[in-house]
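Have a look at the structure below before the remarks.
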Amino acid sequence: MNHSSKIVNNTLELIYPVVIVFGLYIIFNGHLLPGGGFQGGAVLAGVFIVRFFADTSLPLSLNQLNRLEKVFYLLLVLSGIFYSFLLLGFFPPALKIVYLMGMNLLVGAKVFCGLTIIFFRFTLFEAK
């Protein structure tokens, strides 16, 4: 049952795109500025957490989100192994920036999935 007011819903709909863009900005500039994957993923998870307080329906399936988190974790481990093997040979500096951006993106996606799952599990299943 949704008890939030129309003002809250309209305000949140205006803020969502700004917060999502801010989270992606933190992730994509993590190799240049303080921040990165974890902080950006936490900001993106905050969007779904705040949305839950306005509308208590689930925006995503928890099973699909859990599978997606496992895929991101596997990609994270495989890219680290791949990078280790590339370090044995010649590794151009331009490729290092692409690698760091990719790692920040994977970490951000995994943290987003993980924090969202943790919040919904505690809120929906552990509160009973």
Side-chain angles (χ1 to χ4, degrees):
M1 186 186 302
N2 188 0
H3 293 291
S4 64
S5 69
K6 190 171 183 164
I7 295 172
V8 171
N9 288 333
N10 289 341
T11 304
L12 288 176
E13 287 193 17
L14 288 173
I15 292 174
Y16 286 149
V18 175
V19 175
I20 289 172
V21 168
F22 181 64
L24 292 174
Y25 172 80
I26 292 171
I27 290 173
F28 285 119
N29 288 311
H31 67 287
L32 299 173
L33 303 170
F38 187 86
Q39 292 85 347
V43 169
L44 292 177
V47 170
F48 285 96
I49 292 170
V50 169
R51 182 189 179 276
F52 179 77
F53 291 124
D55 179 16
T56 57
S57 64
L58 283 176
L60 301 168
S61 166
L62 290 180
N63 290 332
Q64 289 176 344
L65 204 56
N66 198 6
R67 277 187 253 134
L68 192 61
E69 182 189 19
K70 290 176 185 177
V71 168
F72 285 136
Y73 180 71
L74 180 66
L75 289 173
L76 212 93
V77 170
L78 290 177
S79 64
I81 292 170
F82 179 69
Y83 181 72
S84 298
F85 283 122
L86 283 178
L87 283 179
L88 297 174
F90 177 71
F91 198 72
L95 197 56
K96 204 175 283 188
I97 293 172
V98 172
Y99 170 76
L100 289 174
M101 288 178 69
M103 287 298 282
N104 276 335
L105 186 62
L106 286 173
V107 169
K110 185 181 179 332
V111 168
F112 159 71
C113 292
L115 289 178
T116 305
I117 289 169
I118 289 170
F119 175 78
F120 283 120
R121 294 257 186 222
F122 279 149
T123 304
L124 300 175
F125 301 117
E126 300 296 326
K128 294 179 182 180

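Note: hydrogens, waters and symmetry copies are ignored here, and every other heavy atom, side chains too, is used.
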Q: Using ring pair (Phe, Tyr, Trp, His ring centres under 6.0 Å) as the criterion, list what pairs up with F119, not counting sequence neighbours.
A: F52, F53
Side-chain donor/acceptor pairs under 3.5 Å, residues 72-82, sequence neighbours excluded:
residue	atom	partner	partner atom	Å
S79	OG	L75	O	3.1
S79	OG	L76	O	2.9

Q. Out of curiosity, Q64 CD to E69 CD, how far, rounded to the nearest 0.5 Å?
A. 14.0 Å
**Q.** Results of side chain to side chain contact (heavy atoms under 4.5 Å, CB included) for I20 - residues two or more places apart only
**A.** L24, L44, V47
Q: Kindly write out the residues that satisfy side chain to side chain contact (heavy atoms under 4.5 Å, CB included) with L105, not counting sequence neighbours, or none if the list is empty.
A: I27, F28
**Q.** Qualifying residues under side chain to side chain contact (heavy atoms under 4.5 Å, CB included), relative to N10, sequence neighbours excluded
**A.** K6
Q: Answer yes or no: does atom CG of L14 have more than 12 heavy-atom neighbours from other residues, nucleotides or ligands under 6.0 Å?
A: yes
Q) Is it true that atom OH of Y16 has more than 12 heavy atoms of other residues, nucleotides or ligands lying nearer than 6.0 Å? A) yes
Q | side chain to side chain contact (heavy atoms under 4.5 Å, CB included) partners of A45, counting only residues at least two apart | A | F112, L115, T116
Q) To the nearest 0.5 Å, what is the distance between CD (E13) and OG1 (T11)? A) 9.5 Å
**Q.** Heavy-atom closest contact (L65 atom, C113 atom, distance)
**A.** CD1-SG, 3.8 Å
